[in-house]
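As C-alpha cells, the structure follows; a few thoughts come after it.
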Number of protein chains: 2
Amino acid sequence: MDVRIAACQIEISPGHPDVNTEKMLSLIKQAKADKQDIVIFPEMAVPGYLIGDEWENRAFVLDCYRYNEQIVASSDGITVVWGNVDIDKEAVGEDGRLRKFNTAFVARNGKIAGRFHKTLHPNYREFDDDRHFYSARKLSGEKDMDIEDFLQPLQIDINGRERRIGVSLCEDMWSDDYTIDPIETLLNNGAECIINISCSPWTWRKNDKRHRVVKDRLKDHPVPYIYVNNIGIQNNGKNLFLFEGNTTVYNPDGSVQNIAGDYEEEVLHVDLQNNGGKKQEKKTLSNHRDNEELLKGLTYGIRKFFDLIHASKAVIGMSGGVDSSLSAYLLCRALGPGQVYAVNMPSEFNSELTRGLARQLAETLQLNYGVVPIQEAFEFTLKQLGNTAFERLDGSGRRTELELSPVVRENIQARDRGSRVLAGIAAALNAVFVNNGNKSETATGYATLYGDINGALAPIADLYKTEVYELCRYINSLEDKNIFSDQLFEIPASAELSDEQNIEEGEGDPFVYPYHDRLLRAFIEFRRDPEDILQWYIDGSLEEMLEIEVGLVSRLFGGHRDFIKDLEHTWRLYKINFFKRIQAPPIIVVSKRAFGFDLRESQMGIHFTRKYREMKKELLKQDH
Amino acid sequence: MDVRIAACQIEISPGHPDVNTEKMLSLIKQAKADKQDIVIFPEMAVPGYLIGDEWENRAFVLDCYRYNEQIVASSDGITVVWGNVDIDKEAVGEDGRLRKFNTAFVARNGKIAGRFHKTLHPNYREFDDDRHFYSARKLSGEKDMDIEDFLQPLQIDINGRERRIGVSLCEDMWSDDYTIDPIETLLNNGAECIINISCSPWTWRKNDKRHRVVKDRLKDHPVPYIYVNNIGIQNNGKNLFLFEGNTTVYNPDGSVQNIAGDYEEEVLHVDLQNNGGKKQEKKTLSNHRDNEELLKGLTYGIRKFFDLIHASKAVIGMSGGVDSSLSAYLLCRALGPGQVYAVNMPSEFNSELTRGLARQLAETLQLNYGVVPIQEAFEFTLKQLGNTAFERLDGSGRRTELELSPVVRENIQARDRGSRVLAGIAAALNAVFVNNGNKSETATGYATLYGDINGALAPIADLYKTEVYELCRYINSLEDKNIFSDQLFEIPASAELSDEQNIEEGEGDPFVYPYHDRLLRAFIEFRRDPEDILQWYIDGSLEEMLEIEVGLVSRLFGGHRDFIKDLEHTWRLYKINFFKRIQAPPIIVVSKRAFGFDLRESQMGIHFTRKYREMKKELLKQDH
C-alpha cells in the first residue's frame with residue numbers, strides 16, 4: 001500500500017477534552033502540511049480513559065463527543081482516526097444511563113467515514129470497561145448479527161484506490177482469553193492493514209508480549225499493523241498508571257519496522273510502501289531494560305503527578321534508611337533538588353549512623369535539608385496520655401487509665417513525624433509530602449497509620465524491599481561516584497522506633513526480605529494461597545516456584561512447625577493489614593499487581609482452606 | 001402448587017465458607033424435620049459476594065466449591081437451592097483465569113439436580129460481576145444458543161408431580177435496562193413458580209421498587225414468586241454495605257404474601273397452596289420509614305463492623321457539635337455505652353458552650369468520658385515549626401523558613417487531635433477510633449487529612465449535614481427526654497479552629513447547608529454537572545430540581561455572578577478534594593451513591609463544558 005501515515009503518540013490529559021483536542025488539531029494541520037494520507041491518534045484521545053465514574057456525567061460526555069465536530073471539520077484532504085466516546089441518545093446502557101461506546105472514529109473530507117466500537121472489554125486489574133461502555137459485541141447481539149459479520153474493515157478511497165483498513169481498539173488485539181478474535185475477523189473480512197489504537201499502561205515486558213501477539217495475529221494474513229498508544233499518566237485515585245507510548249509500526253511479517261520512544265510525544269511516519277523494510281535501529285525496543293525502565297517510569301510518574309496536582313515542591317522525611325534515600329533521589333531527579341525539602345526527625349532511638357547517612361545523601365543530592373527532632377514532643381505526648389483517665393458517667397465512678405505499651409510508644413513517634421512535623425511543614429511550604437513506604441511494608445502493615453503511611457503520593461510502594469535495594473544499586477552503577485553510600489546496603493533495615501530496633505546492635509525489621517518478598521509476591525501478584533505455598537513446600541518445589549536461592553527455606557526455618565507458623569503469620573499480616581491500605585496514598589504502579597484499585601480487597605478476616613488444614617495436620621504429625 | 005418451602009434469610013459471613021455452610025446444614029436439617037419440600041438460601045450463600053479479588057484465589061474458590069459436597073449430601077428427601085461459585089476447570093474466564101460462575105445450585109436426594117448461572121451481571125455502583133464471573137449470557141453465546149432457549153426452568157419431581165421452577169439470581173429480575181429478560185424467558189418456558197436468590201444490599205426504598213418490579217413481571221404470567229435475600233454486612237474496603245434481608249413471598253398477582261424482618265435471621269415458611277392468600281400483617285413492609293430504617297441500619301452496620309474486625313471498644317472525639325453527638329449516640333446504641341470512650345479536646349478556640357454540650361451529652365449517654373486539652377501541644381508545634389529552617393546544600397547557603405498561615409494553624413490543631421490524641425488513646429485502649437465526618441464535608445474536603453479525617457470507620461459519612469440534623473431530631477422524638485440538647489440545633493455548625501469560627505459570635509462553616517447539600521447531592525448522587533445546574537438556574541427550575549425551598553436561591557446570591565462564583569467554587573471543592581477521600585476511612589453506605597468504591601473517582605482537575613462556558617458568558621452579560 002502506498003499510503004503515508006502519521007501515527008501520533010500524544011500525551012493525553014484525562015478529563016480535559018479541550019486540551020487534548022487542541023493538540024490533535026495542531027497535529028492534523030501538520031500532517032496535512034506533510035502530505036500524509038492518514039493521521040492516527042490513540043484510544044480515548046479526546047476524553048482520556050481512566051476517569052472513573054465521570055463517564056456518568058452526561059454533560060461531560062456530550063461535551064467530549066461534541067469535540068468530534070472540530071476534528072471532523074479539520075479532515076479535509078486527510079483521513080483522521082481517533083479515539084473518543086460515542087453515544088446513542090436513543091438507547092440506554094445496562095446501568096440505565098446514556099449508552100456510551102469506546103470508539104475509534106474515522107473522518108475524511110469533513111465527514112465521519114466510520115465508527116468502530118471496541119469489541120473486547122477488559123474487566124480485570126484497573127479496567128472497568130463493561131461498567132462504562134457498551135461493546136460492539138453486545139450491539140451485534142442486540143441487532144441479532146454474528147460478530148463475524150458485524151466487524152468489517154473501513155472501506156475508504158485513498159489516492160484514488162479503495163482501501164480496506166481494519167480498525168480496532170486496544171483489547172481487541174489481546175483476544176487470547178476471549179471466544180471472539182476481532183483482529184482475525186477483520187483480516188478474514190479483507191482488511192489490508194490493521195490499525196490498533198490503544199490507551200495501554202506500561203507493565204513489565206508488555207511490549208515484548210505485544211510483539212509476539214502481533215506476529216501471531218499476522219501469521220496467516222501478512223499485512224502492515226500499526227499500534228498507536230499514548231503517553232502520560234492516568235489514575236483512579238489509589239493507583240497511578242504510567243503510559244509509556246511505544247507506538248509501533250509492524251511489517252506484514254510481524255517484525256518491528258519502527259517504534260516510538262518512551263514517555264515522549266512523537267509522530268511516527270509510516271510509509272506503507274516500505275513493506276518489509278527493516279527495523280529502524282534508532283529505536284531501542286522497550287524490553288529487558290528493567291531497572292532503566294523502572295527508573296525512567298518512576299521519575300516520569302512523579303513529575304507528571306506533581307504537574308497534575310499543580311504542585312512543584314516536595315517534602316520528604318529522610319531517616320537515612322534505604323527507602324527514604326531512594327525516594328529523595330527520585331524526587332530530585334523528577335523535580336530538581338531545589339524543589340525538594342528533606343527533613344530528618346531524630347528521636348533517642350535514631351543512630352548516629354543513619355543520621356549521618358541522611359546528611360551525607362542530602363549533601364550529595366544538594367537538596368534543602370532540615371532537622372526537626374521529635375524527642376520533646378514524643379515525651380510530652382507520653383506524659384499527657386499517661387496522665388489521661390476516662391470516667392464512666394453512669395454514676396459508678398469507674399475510671400480507665402491509659403497503658404502505653406512499647407508498640408503504642410513506637411507508633412506515637414511515627415505519627416508525630418508523619419502528622420505533626422511532615423504534614424505541618426508541607427502545609428507551611430505549600431508543598432506536597434511524599435510517602436516512602438515500599439511494597440513489603442504496605443503488604444504486611446509494617447507501618448503506622450497517620451504516621452509513615454501518610455503522604456500525597458507513594459512513589460516506591462509498588463517495589464518490594466529487595467527491589468528497592470536493587471534499584472539503588474543500579475543507580476549507583478550509573479555514575480562514577482556512588483549516590484548511595486556503601487554503608488546503606490550493609491546496615492540492617494530498621495524502623496528505629498525502639499531499643500529493640502537498634503541497628504548498631506544489628507537489629508532490624510522482622511522479615512527476611514529475600515524470602516518474604518517472594519512469598520508476598522506469590523500472594524499479591526500471582527494470586528496464590530497458603531494452600532499453594534504449603535503444597536510446594538511439601539513437594540519440595542517451593543524455592544523453585546518462588547524463584548529464591550536453593551537452601552534458603554531450610555536455613556530459615558527449624559522445621560515444619562516453624563515454617564507453617566511463619567506462613568500463617570505472613571498471610572495474616574497481609575490480609576488483616578488491608579485496613580491500613582484503605583487509607584494509604586496513591587501508588588505508582590510498576591508491578592503486575594498493585595494495591596488499590598488494581599488489586600481490589602475486602603476486610604473479611606482470615607480463612608484457611610480445608611485442603612490447607614488437612615495438609616498442615618499431616619505435616620505436623622511428622623514433626624513428632 | 002402444594003409445595004412447602006422454607007426460605008432461609010441467613011447472615012452471610014463473606015470469605016468464610018466454613019461458617020456459612022455449617023449454618024446452612026443446620027437449617028437443612030431443620031427443614032427436613034419440618035417436612036419442607038424445598039429449602040432455599042441466598043445468592044453466594046457459601047462464599048459471600050463482595051469479597052473483591054479474592055475471587056482470583058483459585059484455592060479459595062475451589063474450597064468454596066467443595067463445600068457443595070456437604071450440601072448435596074444433606075439433600076436426601078428435600079430439594080435444596082443455594083448460591084455458590086461454580087467453576088469450569090476446562091475453560092478460562094476473559095481474564096485468563098479459572099472460569100467462574102455466580103450460580104444457583106439445586107440438589108435433591110444426594111445429587112445435583114440443576115445449576116443456573118446468573119444471566120445479567122451488574123457492573124455499576126459497587127458491583128463488578130463481569131470482572132469475576134462468566135454469565136449465562138456469554139455461555140449461551142459460546143454454545144451458539146439463543147438465550148431464550150438456554151434459560152429453562154428446573155424440572156423436578158415434588159411429591160410425585162413434575163414441577164417446573166424458574167431459578168434466577170438477583171439482577172436477573174432487574175432487567176429493565178438489558179436486552180434480555182430472564183424472568184420473562186423462564187415464564188415463557190413454562191415456569192410455574194419463580195425463585196430469585198439475591199445478595200442485595202439495602203438502599204433507600206429498594207423494597208418498594210422491588211414490589212413494583214415483581215408485580216410487573218407477573219402481570220402476564222401469574223405464578224408464585226419467592227425472593228430470598230441475606231442479612232449482614234459486606235464491604236470492599238472503602239464502602240460497607242448493609243444487607244437488610246426482607247426476603248419476600250409474593251402471591252401470583254404480585255402482592256406480598258409474607259416478608260421477613262430487617263437484619264434478622266429468619267426462615268419464612270411458604271405454603272404455595274395458599275396462592276392468593278392475603279398478606280400476613282405481622283410484617284411491616286420496609287418502606288417509607290426513612291429515619292427508622294436509617295437508624296436501624298447505621299446501628300447494625302457499626303455493630304457488625306466491630307464484630308468483623310474483632311473490636312469491642314470505640315474511641316471518639318466529642319466536640320459538642322452535631323456530628324460527634326450523633327456518632328457518640330450511634331456508638332452507644334451499637335456497642336453499649338460502657339464500650340465507648342469519648343474525648344473532648346479543647347484548644348483556646350473551643351467555646352464553653354460546646355464543651356458544656358459535650359459533657360452534657362456524655363452524661364446523658366453514660367459513656368466513658370475524658371478531656372485532653374491540645375493547647376500546649378499546639379503551641380509547642382507552632383514554636384518548633386516556626387523555628388525550623390531548611391538549608392540548601394548546594395553551597396548557596398540559601399535558607400527557607402516556615403510561615404505558619406492561619407489555615408496551617410487550624411490544620412495543626414485538627415491533626416493534633418486526630419493523630420496524636422485519638423490515635424494514641426485508641427492504641428493504648430486496644431480500641432478502634434471512629435471518624436465523625438458527614439457527607440457534606442467529605443464532599444467539599446472541609447476536614448483535615450490526618451486530622452478529623454482519621455478513623456477506622458466513618459459511620460455518618462454518607463449523611464449530609466442537613467440529614468445529620470434530621471436524624472438527631474428523629475432520635476429526640478423517640479424518647480420522652482431529649483437525647484440531644486435543643487441548643488445543639490441552634491448554634492452554628494463550626495469547626496472551632498480559629499477566632500473566625502467563633503460560634504458565640506454566630507460564626508461557623510462556610511456553607512449554607514440547605515442549599516449546598518442539595519447541590520452536592522445533584523453532583524454526587526444524581527451525577528449532574530455544573531452545566532445542568534446553570535441550565536436549571538437559567539430556566540428558573542433550579543429550586544424545583546434540587547428540591548429546595550422556593551426563594552432560597554435568590555436570597556442567597558446577590559446576582560448571577562455571585563451564583564456562578566459559588567457554583568464553580570463548590571464544584572472545584574468537590575472535585576479537587578478527592579485527594580482527601582483517597583485516604584479517608586470506610587463509609588457505611590446509606591445513600592444512592594457513596595464516596596469510595598461505589599463512586600469511583602480520578603484525580604484529574606477541573607473541567608467546565610463548552611456549553612457551560614457559553615451559558616455563563618451570556619448570563620454575565622446580563623449582570624451589567
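Values below: all heavy atoms of this structure, side chains included; hydrogens, waters and symmetry mates excluded. Chain naming here is simple, since letters A, B, ... match the order of the sequence lines and numbering starts at 1 in each.
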Part of [X] within contact of chain A (heavy atom distance under 4.5 Å):
X      : value
B:A456 : backbone
B:T400 : side chain
B:A423 : both
B:F579 : neither
B:N411 : neither
B:P337 : both
B:A584 : backbone
B:Y67  : both
B:R581 : neither
B:P530 : neither
B:I309 : side chain
B:L308 : side chain
B:K580 : neither
B:R399 : neither

Spacing of [X] atom [atom1] and [Y] atom [atom2] [to the nearest 0.5 Å]:
X      : Y      : atom1 : atom2 : value
B:N368 : A:R398 : CG    : CZ    : 5.5 Å
A:N57  : B:F526 : CG    : CZ    : 14.5 Å
A:L404 : B:I425 : CG    : CD1   : 10.0 Å
A:L62  : B:T609 : CG    : OG1   : 9.0 Å
B:D146 : A:D144 : CG    : CG    : 7.0 Å
A:F127 : B:R131 : CZ    : CZ    : 10.5 Å

Look at the side chain of [X] and the backbone N and O of [Y], then say whether any donor-acceptor pair between them is shorter than 3.5 Å.
X      : Y      : result
B:S602 : A:G52  : no
B:K238 : A:I582 : yes
B:D529 : A:A59  : no
A:D394 : B:Q366 : no
B:R415 : A:S419 : yes
B:Q583 : A:P586 : no
B:H16  : A:M604 : yes

Heavy atoms, side chains only, cut-off 4.5 Å: are [X] and [Y] in contact?
X      : Y      : result
B:Y124 : A:E94  : no
A:L393 : B:R359 : yes
B:L429 : A:L402 : yes
B:Q384 : A:V372 : yes
A:E601 : B:E54  : no

- Message: Strictly below 4.0 Å, N to O, side chains only: are A:E531 and B:R58 in salt-bridge contact?
- Response: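 Salt bridge: no.
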
When [options] are compared by non-hydrogen pairs under 4.5 Å with chain A, the top option:
options                      : result
B:D18, B:N235, B:D176        : B:N235
B:V92, B:I51, B:L50, B:L365  : B:I51
B:S13, B:C64, B:G338, B:S175 : B:G338
B:G96, B:S405, B:A91, B:S396 : B:G96

- Side chain, backbone, both or neither: which part of A:F597 has a heavy atom under 4.5 Å from chain B?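 Both the backbone and the side chain of A:F597 come within 4.5 Å of chain B.
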
- Message: If the test is side chain to side chain donor-acceptor pair (under 3.5 Å), which one of A:D128, A:D53, A:N236 qualifies with B:R600?
- Response: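 Per the side chain to side chain donor-acceptor pair (under 3.5 Å) rule, the option paired with B:R600 is A:D128, out of A:D128, A:D53, A:N236.
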
Using every non-hydrogen atom in the two residues, find where [X] and [Y] come nearest and quote the distance to one decimal.
X      : Y      : value
A:H607 : B:G15  : CB-O, 3.3 Å
A:E142 : B:T179 : OE1-CG2, 3.3 Å
B:R610 : A:D63  : N-OD1, 3.0 Å

- Query: Would you say B:E363 has more than 12 foreign heavy atoms packed within less than 6.0 Å of its CD?
  - Reply: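 For B:E363, atom CD is crowded (more than 12 foreign heavy atoms under 6.0 Å).
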
- Would you sort out whether A:R593 and B:E56 count as a salt bridge (charged side-chain N to carboxylate O under 4.0 Å, His left out), showing the intermediate values? CA-CA 12 Å; A:R593 211 63 186 267; B:E56 296 172 352; 2.7 Å; yes

- Query: What option among A:W174, A:F608, A:Y178 has the most heavy-atom pairs under 4.5 Å with chain B?
  - Reply: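 Of the options given, most contacts go to A:Y178.
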
- May I ask you to check whether A:F390 and B:Y341 place their ring centres under 6.0 Å from each other?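 Centroid distance B:Y341-A:F390: below 6.0 Å, so yes.
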
- Item | cation_pi(B:R420, A:Y450) dist<6.0 Å, angle<=45 |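 Pair B:R420/A:Y450 does not count as cation-pi.
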
